[in-house]
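Here the structure comes first, spelled out in structure tokens, and everything after it is commentary.
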Amino acid sequence: MAPRTETSAPAGERLIDRFGRMVSYVRISVTDRCDFRCVYCMEPDTQFVPRAQVLTLEELALVARAFVELGVQKVRITGGEPLVRRNVVSLLEQIGDLPGLRELVLTTNGSQLTKLAQPLRRAGVKRINISLDSLDAERFRRITRTGNLVEVVAGIDAARAAGFESLKINAVILKHRNHDEVVALVRFAGERGMDISFIEEMPLGVIADHDRAEAYYSSDQIRRDLEAQFALIPTPEQTGGPSRYFRVPELGNKVGFISPHSHNFCEACNRVRVTAEGRLLLCLGQEHSVDLRHVLRQFPGEMDALKDVIRHAMEIKPRGHDFHVAAQPLIFRHMNATGG
Ligand code: SAM
Ligand code: SF4
């Protein structure tokens with residue numbers, strides 16, 4: 001069962017599901033669009049949601065406020081690429097000002113950070129996760145299809161200069177694409193005072209680029225590769241998510257492993273997601289969801305109606321996911337549509 005954390009919301013106003021887990025963390029996707037087309041996330045010709053179906057910035061701000069009033073303490077803004085959404089900084093400023101919110105954090109591919117790192121910091125973003133799968137420009141381009149490594153590394157430097165509480169690298173590791181870079185990526189992060197998490201590819205959406213079972217490179221394998229170079233000391237850190245962390249004494253940073261296949265993490269799940277279209281997803285690996293956009297548009301500005309629907313949605317939060325690496329995807333939405 002998830003550890004109950006303190007919140008500023010009154011007891012009846014908290015989000016607790018049928019299994020006694022308290023939801024204290026929401027990940028909000030502010031767009032399904034992106035300037036990259038990473039091979040594990042999207043197809044080159046991905047069709048995006050028509051703009052009218054995407055929540056407006058005002059609607060997104062209301063959703064964030066409703067969750068915080070219901071005891072959520074941590075909001076992560078994600079996408080798609082959140083920083084390609086026009087005026088996203090003004091949304092972050094509004095969310096950053098919500099009383100009761102402890103942490104406003106962001107996941108980005110880093111492409112816009114040279115211009116946005118400082119405004120994000122001023123808006124109250126505390127921590128940023130930046131995705132970086134390769135340190136080789138050609139490979140980086142092949143994995144992201146459109147990304148430019150030099151721009152992303154410059155974005156990472158801009159974020160370091162802007163003074164966030166912490167910055168972390170996220171790397172999805174695929175066999176024969178970048179599995180031989182895990183040591184170099186840990187060093188890259190460590191030399192810049194950053195932690196790094198390695199993510200196993202998840203079967204979200206159909207992709208034609210590669211066979212996911214063949215490209216699977218397990219967290220246990222990455223750990224063995226790293227242990228040939230570094231002493232990895234386990235830390236007791238619990239995130240309520242699928243991450244396990246190890247300290248790297250040689251570099252002074254931490255390495256996390258996000259491994260939905262090899263280790264079950266659902267029992268302590270403390271999170272839900274909202275897609276750019278306003279669908280509240282109760283589990284990353286299941287389809288259980290509730291349409292918040294409908295409520296937002298039928299009862300504009302009515303916080304009580306929105307909060308009621310969110311509270312009731314806890315009744316359908318499933319016990320856990322069903323990922324299986326060799327199986328065809330059970331979940332037909334891609335990660336960009338899900339809010340990674
Ligand atoms: N565009 C931003 C980025 O890339 O950081 C935020 C959204 S992206 C969907 C969030 C994270 O999900 C990234 O770290 C990305 O590498 C990861 N991701 C995307 N598709 C995935 C998949 N099929 N399995 C595992 N991780 C995935
Ligand atoms: Fe875009 Fe992030 Fe998906 Fe890559 S992982 S295509 S950067 S949303």
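In each ligand, atom 1 is the first atom listed, and ligand 1 is the first ligand listed. Sequence positions, counted from 1, serve as the residue numbers for this chain.
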Exercise. Please indicate whether any nitrogen or oxygen in Tyr40 is less than 3.5 Å from any nitrogen or oxygen in ligand 1.
Key: yes
Self-check item: Side chain, backbone, both or neither: the part of Cys38 lying under 4.0 Å from ligand 2 by heavy atom
Solution: both
Quiz item: Just how far is it from atom CG of Asp136 to atom CG of Asn178, taken to the nearest 0.5 Å?
Solution: 10.5 Å
Quiz item: Within the side chain of Arg293, is there an N or O that forms a donor-acceptor pair under 3.5 Å with the backbone of Val54?
Solution: no
Quiz item: Which of the atoms of ligand 1 are close to Ser131, meaning less than 4.0 Å from one of its heavy atoms?
Solution: 3 (C), 4 (O), 5 (O), 13 (C), 14 (O)
Practice problem: Please identify which atoms of ligand 1 are closer than 4.0 Å to at least one heavy atom of Thr78. | Solution: 6 (C), 7 (C)
Quiz prompt | Qualifying residues under side-chain contact (heavy atoms from CB on, under 4.5 Å), relative to Leu57, sequence neighbours excluded | solution = Leu60, Arg85, Asn87, Ser90, Leu91
Quiz item: Asn170 heavy atoms, cut-off 4.0 Å: which ligand 1 atoms fall inside?
Solution: 14 (O)
Self-check item: Proximal ligand 1 atoms for Glu200, defined as those under 4.0 Å from one of its heavy atoms
Solution: 25 (C)
Quiz item: Are Ser218 and Asp220 close enough that a side-chain donor and a side-chain acceptor fall under 3.5 Å?
Solution: no
Practice problem: Would you mind finding which of Cys41, Ser29, Gly80, Cys34 brings a heavy atom closest to atom 1 (N) of ligand 1? | Solution: Gly80
Quiz item: Would one find an N or O of Asn129, backbone or side chain, under 3.5 Å from an N or O of ligand 1?
Solution: no
Quiz item: Going by atom types alone, do Thr108 and Glu81 pair a side-chain donor with an acceptor below 3.5 Å?
Solution: yes
Practice problem: Output the list of atoms in ligand 1 that are nearer than 4.0 Å to some heavy atom of Ile199, sorted by atom number. | Solution: 14 (O), 25 (C), 26 (N)
Exercise. Provide the number and element of each atom of ligand 1 under 4.0 Å from a heavy atom of Thr108.
Key: 2 (C), 3 (C), 5 (O)
Practice problem: Decide whether the shortest distance between a heavy atom of Ser131 and an atom of ligand 2 is less than 4.0 Å. | Solution: no
Quiz item: Do Gln221 and Arg224 have side-chain N/O donor and acceptor atoms under 3.5 Å apart?
Solution: yes
Quiz item: Which ligand 1 atoms, with their elements, are less than 4.0 angstrom from a heavy-atom of Gly79?
Solution: 7 (C), 9 (C)
Practice problem: Output yes when a side-chain donor or acceptor of Asp32 lies under 3.5 Å from a complementary backbone atom of Phe48, and no otherwise. | Solution: no
Quiz item: How about Cys41: does one of its N, O or S atoms come closer than 2.8 Å to atom 3 (Fe) of ligand 2?
Solution: yes
Exercise. Output every pair passing ring-ring contact (aromatic ring centres under 6.0 Å, His included) with a member in residues 160-208, not counting sequence neighbours, ordered by first then second residue.
Key: His176-His179, His179-Tyr217
Quiz item: What atoms in ligand 1 come closer than 4.0 Å to a heavy atom of Val172?
Solution: 16 (O), 26 (N)
Quiz item: Is there a nitrogen or oxygen of Thr107 sitting under 3.5 Å from a nitrogen or oxygen of ligand 1?
Solution: no
Quiz item: So, does Arg212 use its side chain to make a donor-acceptor pair with the main chain of Tyr40 at under 3.5 Å?
Solution: yes
Quiz prompt | Gap between atom CG of Asp17 and atom CD1 of Ile316 - 0.5 Å precision | solution = 11.0 Å
